[in-house]
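Letters go in sequence order (proteins before strands), and every chain restarts at 1. Values below: all heavy atoms of this structure, side chains included; hydrogens, waters and symmetry mates excluded.
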Amino acid sequence: MFEMHTAFAVYEQLKKEFSSPKADLQKCGQYLANLKIYLTELSFLLPGDRAPDAQELLLAREVLEIGAQWSIRVGDIPSFERYISQLKTYYHDYSSNLPASARMYPLLGLNLLRLLAQNRISEFHTELELIETDQMGENVYIRHPIQIEQCLMEGSYNKVWHSRANVPAEEYAFFIDILMGTIRDEIASCSEKAYDSLPIADAATLLYFKSGDEVTAFASERGWKVNPQDKKIYFGVTDADHLDIPADKVISQTLEYARELERIV
Amino acid sequence: MVETRSSKAKKESAESGKKPQDTDKEAPVPMDVEKTEEEKKADNVAAVLADIKQNINLLERAVATLEARFTTRALRTTASIRKRLTPEILTQAINIYFPKDHAAKDALLKRVGKASDEMDVDQGEQKSDAKDGRGFLPEHEVYLSYLVLLYLHDQKDYQQGMQLVIELVDKVQALNRRTLDQLAGRLYFYFARFYELADKLAEARPVLLAAQRTATLRHDDDTQATILNLLLRNYLMFNLYDQADKLVSKATFPENASNNQMARHMYYLGRIKAIQLDYTASHRHLLQAVRKAPQSVASAGFQQAVNKLAIIVQLLMGEIPDRAIFRQPMLRKSLVPYLQITQAVRIGDLAKFQETLAQHGATFRADKTFTLILRLRHNVIKTGVRMISLSYSRISLRDICLKLQLDSEEDAEYIVAKAIRDGVIDATIDHEKGFMKSKENVDIYSTNEPQNAFHQRISFCLNLHNESVKALRFPLDIHRKELANATALREEERKLAKEIVDGEIGDDEDMGEDW
């Protein structure tokens, strides 16, 4: 059990460093990298023949949880995703032989928010199914992303924008910021369809920009026409639905019918 | 549930007319007043034994001709045997068919729970029938064990059943006979069932996954279909939609699986797709599940489950389900909460929707439709927006906000904009004046839509034809007879030709002589 002790010692260091107010994130990253190597020598990756020891599992879970939180602090989303997918085993499959973790729901909530921010709605719902239904209404960490999703689906972007003020944990703000970008794109694509034209000032409020310049920059990015005289944005009215007769399609379909009919007769 | 049970009993009595075996054996009993309880019992035993014997013969034929059809027939009649099984019948059957010193015999008898002395008596009686092991096929052993298994399942002796089923699965795997495939499928079903009853479903997964692999390699369609469904059920039980989806995308469901398995599979696919927000695909699968499922009372539970899900998915797609679904006698009672939800969505009434959700929350949770129904909230709003757009050609955002009970005008603007983008309504917003203006309806016949619908229907018909041609069954070896006929004909022709040639030559000769 040599590795276990070393791993534990490094874990203690990591915990101390990470929980201190001025945590040296680079150092933490190093600790994490080392810990992962130690863990592979325990029953971390390959369960092997023997039943995993509860203490080992607990250690691994703690390390992964800190790793996930660390990824958020350094803003490394792919790394966060990896940590979460590893953690899921501990949360679901080992749930019977481990005490429940206090960090479980905040992290799961964060993961949900991440999926929303990345606009991966179907995965969001798949993950949601794994969470008990009674937690959905009661747990603040879970309720928050669920409410945001509902607002997103309805189109109440205003509420999402304001939800930034009452996040359940500081880490949530990180994803909310990313989410804002997603929302802006959503609003933009809605506006394209819904309006013929829009004054620049109104567009700024709609898209949550602070100044008109930002709007013009955004408009050129999306290929909108801005008329500086009357200060309006014109969305390219693409009414190009003049109908072609789909000749190729009709011919191939008719030929297919003929062939099939021949087979029947 | 209670209602279905009682109606089930009713239907059964009605159905018994359809099954000649049942009436033949049961009808005379009440008429013969003199017959004692003993005799009735004996009658029943004899009848069941006769049925078992028939199935044993069918299995023998299946092995001899390598025709899966006979096994299917044997398994089909098993359902009626199952209801009448008693320990006496099973003991007798085992004694009759098992060779005297077969290894598994005693163990099986013990499971049935008969004392050993009685067994000896039976054996003495039936000795003449017992075969000396030459005619006894592994199929017979598995089939009789399967009967014991069914009996244990119905008697709720889950521990014994589980032990037996584990042994049987091992045995079937070791035997590796193609004629066992269908029986193996059934065995795996009960394997998973016993694990589920023992609440150890997660532990059954590795065995099932391995079996699925083997079945796929051996092109064992029945087992493959059964196990795939079992695995999906297993995953969905734990809400592991991710794994289920991966399994479905990696494993192919055999095309010629039985209808029942197909219906189940479609239901599971529908579930997965619904969770992943692919409602169109989900609805298609569920519709197939409803159509493929047997319409009898025995499958009432399945139909209810499928219809519940189908209704929610249809609502999520923005369609309103047919009112007739809610009126079907088999479904009516269990669909009441869903009817209320549908009504709330149809009129776009948010308050009523929330009320129903609160009232029937527990039911929805039990049905595992709760999270899906939560998603319906925005559909209620969408329907509301659509209704407004249909009835007004121009309406201020403020009025929309009031009508839909939204919090603010800004919200209303975003919601309407989103509805426009999602294609729910065809309208434009005038931001400066703050109103929404609906566009004129386009004439659908000026588009390619009718053409597409037409194509869809034609290809459906053609497909139907092709598939029915494929489904035609030709008796085995019949072509040989035709072949023999043809050869005989050809032989005759040849003879004739030869005669003609001979005749000609003869004629020539004759002529020569004449010359």
Side-chain angles (χ1 to χ4, degrees), chain A residues 85 88 92-93 121-134 136-137 146 149-161 183 186-187 189-199 202-203 205-206 232 237 241 243-246 249-250 253-254 256-257 259-261 263-264, chain B residues 202 236 238-242 244-245 272-278 361 364-365 368 370-372 374-375 377-379 381-382 406-408 410-423 427-432 436 442 446-448 451-452 454-455 458-459 461-463 465-466 469:
Chain A
S85 66
K88 265 193 259 170
H92 300 303
D93 300 339
I121 306 289
S122 81
E123 281 167 71
F124 171 85
H125 283 289
T126 314
E127 288 296 316
L128 201 58
E129 285 296 318
L130 288 170
I131 295 166
E132 302 83 22
T133 33
D134 47 331
M136 285 184 200
I146 291 179
E149 195 264 349
Q150 277 192 355
C151 295
L152 277 180
M153 291 313 276
E154 276 170 34
S156 324
Y157 299 118
N158 216 5
K159 282 187 197 149
V160 182
W161 188 260
I183 291 180
E186 280 280 301
I187 297 175
S189 78
C190 289
S191 313
E192 280 172 4
K193 295 271 158 49
Y195 306 101
D196 295 332
S197 67
L198 201 62
D202 294 346
T205 42
L206 272 180
K232 271 189 178 178
V237 187
D241 7 296
L243 289 171
D244 287 330
I245 293 172
K249 209 170 128 201
V250 173
Q253 279 176 5
T254 323
E256 202 189 306
Y257 299 156
R259 199 172 52 237
E260 294 280 342
L261 278 176
R263 225 186 275 168
I264 295 172
Chain B
L236 296 192
F238 295 92
N239 287 335
L240 295 167
Y241 287 93
D242 209 15
D245 182 44
I272 296 170
K273 291 287 174 207
I275 294 297
Q276 295 176 334
L277 294 107
D278 190 351
F364 295 142
R365 257 167 242 219
K368 289 201 172 180
F370 189 71
T371 44
L372 287 176
L374 280 184
R375 292 188 208 167
R377 205 185 113 87
H378 76 266
N379 278 62
I381 295 175
K382 265 191 199 168
L406 299 172
D407 296 340
S408 66
E410 287 98 67
D411 271 344
E413 187 167 352
Y414 284 126
I415 288 169
V416 172
K418 191 170 191 301
I420 293 172
R421 194 206 45 181
D422 293 347
T428 49
I429 303 175
D430 193 322
H431 184 77
E432 286 136 89
M436 174 185 95
V442 270
S446 68
T447 63
N448 281 328
Q451 160 93 17
N452 289 337
F454 185 57
H455 172 65
I458 291 185
S459 44
C461 290
L462 291 173
N463 248 337
H465 175 264
N466 284 344
V469 169

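Side-chain contact check for N466(B) and E260(A): at least one donor-acceptor pair (N or O, by modelled atom type) lies under 3.5 Å.
At a threshold of 4.0 Å, the pair E186(A)-R421(B) counts as salt-bridged, since one of the basic side-chain nitrogens sits closer than that to a carboxylate oxygen.
For chain B, the option among V250(A), D202(A), T205(A) with the highest count of heavy-atom pairs below 4.5 Å is D202(A). Taking A417(B), S408(B), G361(B) one by one and counting their heavy-atom pairs under 4.5 Å with chain A, the maximum is reached by A417(B). Between chain A and the residues T371(B), V416(B), V469(B), the largest count of heavy-atom pairs under 4.5 Å involves T371(B). Here I429(B) is the residue among I420(B), I415(B), I429(B) with the most heavy-atom pairs under 4.5 Å with chain A.
The distance from atom OH of Y157(A) to atom CG of D411(B), rounded to the nearest 0.5 Å, is 11.0 Å.
Shortest non-hydrogen contact noted between Y241(B) and T126(A) is CB-CG2, 3.5 Å. Taking each heavy atom of M153(A) and K418(B) in turn, the nearest pair found is O-NZ, 3.4 Å. The two atoms that bring S122(A) and L277(B) nearest to each other are CA-CD1, 3.3 Å, heavy atoms only.
With a threshold of 4.5 angstrom between heavy atoms, I131(A) does not approach chain B through any atom at all. The contact between I275(B) and chain A is made by backbone and side chain atoms together, counting heavy-atom distances below 4.5 Å. Looking at I187(A), only its side chain comes within 4.5 Å of chain B, counting heavy atoms on both sides. For K159(A), the parts sitting under 4.5 Å from any heavy atom of chain B are the backbone and the side chain alike. Proximity to chain A is limited to the side chain of I381(B), based on heavy atoms less than 4.5 angstrom apart. For L240(B), the parts sitting under 4.5 Å from any heavy atom of chain A are the backbone and the side chain alike. Residue I146(A): no heavy atom, backbone or side chain, is found under 4.5 Å from chain B. Interface residue H431(B): backbone and side-chain heavy atoms are both found under 4.5 Å from chain A.
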(message) Using side chain to side chain contact (heavy atoms under 4.5 Å, CB included), reason through N452(B) and K249(A) one step at a time and then give a plain yes or no.
(response) CA-CA 10 Å; N452(B) 289 337; K249(A) 209 170 128 201; 3.0 Å; yes
(request) Could you walk me through whether I264(A) and L462(B) pass the side chain to side chain contact (heavy atoms under 4.5 Å, CB included) test, one step at a time? (result) CA-CA 9 Å; I264(A) 295 172; L462(B) 291 173; 4.0 Å; yes
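H125(A) has its side chain within reach of R375(B): a pair of non-hydrogen atoms, C-beta onward, lies under 4.5 Å apart. Counting heavy atoms from C-beta outward, H455(B) and Y257(A) have side chains that approach closer than 4.5 Å.
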